[in-house]
Amino acid sequence: MLGPRLFVAQRVSAAVMAPLVLGHLLVMIYAVQGGLDSAEILARTRGSLFWGTYYELFVTAVAIHAAIGVRVIAYEWFKVKNRWLEVVTVMIGCVLFLSGTYAVYAVVA
Amino acid sequence: MAELSDELEVAVWQGDRAGGAMRIYSVPQRPSQTVLDVVTWIQRNVEPGLSYRFACRVGMCGSCAMMVNGQPRWACRTHIKAALAGNHLELRPLRNLPVIKDLACDMSEFFHKWQQAEGRFYPTADRHEPVAKISPASPRRAAANKGIECINCAACYAACDVVAWNPGYLGPAALNRAWTLLNDVRDGAQKRRQRAVLQNNGCQNCHSMQGCASFCPVALNPTAAIAGLKRTALRAIRQGQV
Ligand code: SF4
Ligand code: SF4
Ligand code: FES
């Protein structure tokens, strides 16, 4: 079940993700050209404010978008309702946001 | 005329809210026979207590829809040739609606949702004022015209998986109706309707899987109507109207 606010959040996060996914794929294709190792990636990302912001924004959008998507499945398929539905939504959002942020931190810091 | 060839094997669900079972009948096959003809033959010749609905028999009234070999169809205009599996026909009451008896469903919830979606016209003029001039070619009228021929048969509602999963969901027919009214410039309750279609069980819950559009017997496309509702809803939210 999706109220109007979550509907907007889902659409806005999708709009944010679309160009980021594209950028991510293009950089990936470009970066693997001459082979790929962790040192090469880290050389690009370490201390980069740009890539840090880029991927943190990505992580935030994914956390919002995926949490809402899973919420709908939880409600429609597994009949999770009321309080529990809110708990599931927030939990999934938090887990994705925290693990994503941790990953961004690991390659940028 | 009545050229008796093969017999059809027809299984009909019979029962009520407490439960029921399939009963099997042998029905003579006739040329140009419809599913409604088959049901009527059974009721007249074998099972006088069989309950089902019909009125117009020509695809106007929308009362005869039922599940025919697992698909929601209007019985009066479905030729058995188009629906048969071998010579087998399986008839059940419409999906997603509570059964009253045999093939007759309780449609109250279905129609109640039309009201919840503000699927009614709120006039802005009375009979003494001149008739509004609306060009059939104007984009909003054209959008409304595409969805206006609904016969309220609930075939789309029976086909919709989101209704099956979330019984509160307003469903394709009510939302399609709301979309035609949202495009009616003579209507005076657009803000109210906009809010209604965005309620928790509103248009945003549609997964655009097009079950409704595939089974609408008059070839309407509720999926497209609902996509229109989503677009206008987002615009209304952006402009702070809802
Ligand atoms: S397109 Fe939407 S309304 Fe139509 S059947 Fe699918 S979920 Fe239901
Ligand atoms: S939209 Fe089509 S399937 Fe749905 S109630 Fe109207 S006529 Fe029937
Ligand atoms: S009996 Fe009226 S639509 Fe079938």
Side-chain angles (χ1 to χ4, degrees), chain A residues 1-25 53-54 56-97 100, chain B residues 95-96 109 113 116-118 157-172 174-175 178-179 182 190-212 223 225-242:
Chain A
M1 203 216 290
L2 219 53
R5 267 193 219 152
L6 289 178
F7 174 48
V8 171
Q10 197 183 31
R11 288 300 170 108
V12 170
S13 57
V16 169
M17 269 192 302
L20 295 180
V21 170
L22 212 66
H24 176 71
L25 288 176
T53 317
Y54 186 101
E56 196 49 39
L57 189 63
F58 207 156
V59 163
T60 311
V62 167
I64 295 172
H65 197 79
I68 299 171
V70 174
R71 169 199 175 89
V72 172
I73 298 172
Y75 181 76
E76 290 181 355
W77 285 24
F78 303 111
K79 308 295 165 209
V80 181
K81 290 202 177 92
N82 308 324
R83 263 276 137 76
W84 281 112
L85 192 58
E86 308 307 330
V87 171
V88 166
T89 313
V90 172
M91 288 276 282
I92 295 198
C94 286
V95 166
L96 287 174
F97 180 77
Chain B
R95 178 179 179 236
N96 293 341
E109 184 66 15
K113 286 179 179 174
Q116 287 182 313
E118 292 295 356
Y157 191 82
C160 179
D161 281 344
V162 175
V163 174
W165 295 326
N166 170 13
Y169 173 49
L170 293 176
L175 291 169
W179 173 242
L182 210 57
Q190 299 301 12
K191 268 200 182 155
R192 191 165 155 175
R193 184 169 298 111
Q194 192 64 259
R195 272 195 294 274
V197 299
L198 261 176
Q199 60 182 279
N200 284 347
N201 284 315
C203 64
Q204 67 276 18
N205 290 278
C206 166
H207 294 339
S208 310
M209 295 183 294
Q210 308 196 32
C212 51
T223 316
I226 296 169
L229 284 179
K230 289 181 186 170
R231 272 197 310 277
T232 24
L234 288 171
R235 197 181 322 132
I237 292 172
R238 214 169 43 232
Q239 295 169 353
Q241 290 168 7
V242 213

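Every chain is numbered from 1 and lettered A, B, ... according to where its sequence line falls, protein lines coming before strand lines. Because the structure is a prediction, the values reported are computed rather than measured.
The aromatic rings of B/Trp165 and B/His207 sit tilted relative to each other, their planes meeting at an angle between 30° and 60°.
The CG atom of B/Asn205 sits 7.0 Å away from the CD atom of A/Glu76 when rounded to the nearest 0.5 Å.
Listed by sequence position, A/Gly3, A/Pro4, A/Phe7, A/Val8, A/Arg11 are the residues of residues 3-14 of chain A in contact with chain B, using a 4.5 angstrom heavy-atom cutoff.
Using a 4.5 Å cut-off between heavy atoms, B/Ile237 contacts chain A through its side chain alone, with no backbone atom that close.
At a threshold of 4.5 Å between non-hydrogen side-chain atoms, the residues B/Glu118 and B/Val197 do not count as touching. Between A/Phe97 and A/Glu56, the closest side-chain pair of non-hydrogen atoms falls below 4.5 Å. Between B/Cys206 and B/Val162, every side-chain heavy-atom pair lies at or beyond the 4.5 Å cut-off.
Just one residue in the list B/Leu198, B/Leu182, B/Leu234 forms a side-chain contact (heavy atoms from CB on, under 4.5 Å) with B/Leu229, and that residue is B/Leu182.
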